[in-house]
Amino acid sequence: MKRLWAFFQRFLRHRRQLVAGFLCIPAAQLLDVAITVVIGKTLDRLRSASDTDFLLGVVGIILGLSLVRGVFRYLQRWWIVVVSRWVENELKQDLFDKLVSLPLSYHAASRSGDVVSRVTSDVENVRMFLGPGMMYTLGAVVMVPVSLGLLFSINAPLAATMLVPLLLMGLGMKAFTPRIHKWSLAVQESLAEIGHRAQENFGGIRVVKGYGREDSQVARFEKASRLNRDNQILLGRSRGITHALTHGANDFTFVVILVVGGMAMIDRRMAAGDLFQFIDLTFKVFWPIIAVGWIAGMYPRALASAERIDELLDRKSDLIEPASPKSLEPVRGALSLRDVSYSYPNTSTSAISGLSVELPAGSVLGIVGPTGSGKTTALLLLARMMDPATGSVCIDGTDLRQTTLANVRSAIGYVPQDSFLFSDTWRDNVSFGLAAPLDDERLARLADEVCMTEEVARFPDGLDQRIGERGVTLSGGQRQRTCIARALAREPRILVLDDALSAVDTETEAKLISNLRAAGRGRTVVIAAHRLSSVVAADLVVVLGRDGRVETQGRHADLVNRPGWYRETWQRQQARDELSVL
Ligand SMILES: Nc1ncnc2c1ncn2[C@@H]1O[C@H](COP(=O)(O)OP(=O)(O)OP(=O)(O)O)[C@@H](O)[C@H]1O
Ligand SMILES: [Mg+2]
């Protein structure tokens, strides 16, 4: 409960609306009881035709009371449900802010489906339990004792008898509510699985089609869909039984009241008005108890959801910002990595080990090596997506941990290995890192810098061409160059490219690299690549070995003259290029 209390405090931030809503609850409930009592008393007063005026007067009073009750009911729902929606919204926003701020290491280890369900269904579970849950509970807290008191004052033995079916119904509910919750959870999960299947399949539709796996994917979808159908049926069955049980108990209570109350009426121990009050008040006890039982059944789920939300909100970023950060301005762009090592969590080997590089501002650094040698890891450390386990990464002599992440982000333009684009226009994608979309002139210059002018001109909508989800309407090379343009738009002093030219032909590649150097006027460029042609013009090339260690370093001209991986790879790639020309 302590955990949920922390969430309830979020409701208390909207104290005024909440208190107003809470005050409306007893007002509406008491008016509800008052209407029943007035009708009961009226029935007993009616004796002859002369009572017609009295009856009409009472009808007026009842309509008035009913109107006021309606207003209270409306306001109670309005304030409490609105507050619960506000809290939901704030909670979702906090979760989203947290998720965005968490480092790559968190995202690498978590499934996106799990993250989505924390932001959606977990938040909904907590909201339902605390918002509407509170409203129904408070309603029951007022209604049940008041109605029971009145029932016992009208006819104590009959009131005591009526408790029997109520108790039976309570037991039935206790038995079936957990089942309903269990099946509704199963339905929720199987629905999420259907969503996950659909999303993954359509996201990877090229792979599905390329491998001719449509049938097997359809079969897997069918399986998930069938599971959901079965869960829905089981949920429907449990719901049906609970409905039958509550309505059965309801009717059974009627029968008890009719028999015991009817006998009392025959013996003239009970008036018709009292019997009416009795029946009506019984159901004013009956339904709130059902509602509270329902909410109590939601408790375990709400608690589990609260734990999952807390776990995410309490997670600390391992990228800690200093209390008094140093400024990087004006960034010159000198880079130094000193004895940098890093191993990923839960792995036994180092991805990068003892990497040391000194790079003056305005130079080009190439990082090459076989696949899995740690190129991406080195760039992630350089762009402070994560911190090294040992050693330091500095820009102009300042350790990245001594400045803010925002300073690092504005100094470095980072182009990841997977060229991700948003399903937006070309203009919006390139302007992603800026506050406002770029104008045509600046965009045209960027297109030129990344050698895309002709291709953009061929887009039917030019600069405002919509790009399909994840950039599917572009070629691999166009996607990569759009990502470079996106990084360049922020005019960073340091540009970091992770194999971002792999899908571009060698001629365009050479032109692009020379553009990057010329247009940046002293910009520092770091290029990780498989294709050695990318680093031919680099001022320094670092060759990583399979264990994440520096095998050797130097300029291209030196490296091709030394026996080793670099020379062999260069000769192989040269031979391949020559063959492709033939
Ligand atoms: N998130 C991760 N968790 C655990 N291990 C990882 C993770 N990312 C990378 N690795 C491992 O770290 C090592 C270095 O990977 P890295 O991606 O830096 O290599 P790379 O040189 O960029 O490879 P490629 O040329 O294929 O892009 C590899 O052995 C890889 O399996
Ligand atoms: Mg890589």
Side-chain angles (χ1 to χ4, degrees), residues 99 101-115 207 315 317-319 335 337 339-357 364-391 393 400 412-420 470 476-477 479-481 483-484 487 494-504 506 509 525-536 538 540-553 559 564-566 568-570 572-573 576:
L99 281 167
S101 77
L102 281 173
L104 279 185
S105 53
Y106 170 81
H107 294 283
S110 56
R111 266 180 56 143
S112 56
D114 176 64
V115 170
V207 179
R315 203 174 262 269
S317 172
D318 41 20
L319 297 178
L335 279 175
L337 287 94
D339 200 22
V340 169
S341 299
Y342 185 86
S343 356
Y344 285 99
N346 309 322
T347 53
S348 52
T349 53
S350 294
I352 276 288
S353 169
L355 175 63
S356 293
V357 182
V364 176
L365 169 70
I367 302 182
V368 295
T371 177
S373 55
K375 301 181 290 296
T376 297
T377 310
L379 298 194
L380 289 173
L381 293 166
L382 201 65
R384 205 181 174 204
M385 294 293 178
M386 49 204 201
D387 282 331
T390 60
V393 181
L400 298 189
I412 297 183
Y414 169 62
V415 183
Q417 194 165 10
D418 55 341
S419 26
F420 182 91
R470 287 187 223 149
R479 261 203 308 270
Q480 287 188 330
R481 281 170 293 151
C483 290
I484 298 176
I494 303 169
L495 183 68
V496 174
L497 306 178
D498 191 353
D499 214 8
L501 294 165
S502 59
V504 178
T506 35
E509 177 186 40
V525 183
V526 181
I527 304 174
H530 275 131
R531 210 166 52 190
L532 301 186
S533 58
S534 299
V535 298
V536 166
L540 177 68
V541 179
V542 171
V543 183
L544 296 174
R546 286 216 178 270
D547 51 0
R549 284 179 193 280
V550 179
E551 215 167 76
T552 177
Q553 50 178 294
L559 294 170
W565 179 87
Y566 193 93
E568 283 166 27
T569 312
W570 174 254
R572 207 171 38 245
Q573 290 182 355
R576 197 171 53 207

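Predicted, not measured: the structure shown is a model, and the values here were computed from it. In listed order, ligands and their atoms are each counted from 1. Along the sequence shown, residues carry numbers from 1.
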field: Under-4.0 Å protein heavy-atom contact, atom 16 (P) of ligand 1
entry: yes
- line: Min over Ser350, Ser373, Ala529, Gly372 of heavy-atom distance to atom 23 (O) of ligand 1 lands on Gly372
Identity and separation of the nearest protein heavy atom to atom 26 (O) of ligand 1: Thr371 OG1, 2.6 Å
query: Between the main-chain N or O of Ile527 and the side-chain N or O of Lys375, is there a donor-acceptor pair closer than 3.5 Å?
result: no
- prompt: Tell me, which protein residue and heavy-atom name are nearest atom 27 (O) of ligand 1, and how many Å apart are they?
  reply: Gln417 NE2, 2.8 Å
field: No-hydrogen, no-angle side-chain donor-acceptor test under 3.5 Å, Gln480 and Ser502
entry: yes
- request: List the closest protein heavy-atom neighbour of atom 2 (C) of ligand 1: residue, atom name, distance to the nearest 0.1 Å.
  value: Tyr344 CD2, 3.4 Å
- prompt: Does Arg531 reach the main-chain N or O of Leu501 with its side chain, forming a donor-acceptor pair under 3.5 Å?
  reply: yes
Any protein heavy atom nearer than 4.0 Å to atom 30 (C) of ligand 1: no
query: Between Asp339 and Ser356, is any pair of side-chain heavy atoms under 4.5 Å apart?
result: yes
- prompt: Numbering the atoms of ligand 1 from 1, which are under 4.0 Å from a heavy atom of Thr377?
  reply: 14 (C), 15 (O), 16 (P), 18 (O)
- request: For the atoms OG1 of Thr376 and OE1 of Gln417, give the angle they form at the Mg ion (ligand 2), rounded to 10 degrees.
  value: 90°
message: Has Thr569 got a side-chain atom pairing as donor or acceptor with Trp565's backbone, closer than 3.5 angstrom?
response: yes
query: Please state which protein non-hydrogen atom is closest to atom 22 (O) of ligand 1 and give its distance, to 0.1 Å?
result: Thr376 OG1, 2.7 Å
- prompt: Looking only at distance, does Thr347 have an N or O less than 3.5 Å from an N or O of ligand 1?
  reply: no
Given Thr377, Val496, Val357, the one that forms side chain to side chain contact (heavy atoms under 4.5 Å, CB included) with Leu382: Val496
query: Under a 4.5 Å cut-off applied to non-hydrogen side-chain atoms, are Tyr342 and Leu355 in contact?
result: no
message: Would Gly374 count as being in polar contact with ligand 1, using the rule that some N or O on each side must be under 3.5 angstrom apart?
response: yes
message: With a 3.5 Å distance limit and no angle check, can you tell me whether Ser353 reaches the backbone of Ser341 through a side-chain donor-acceptor pair?
response: no
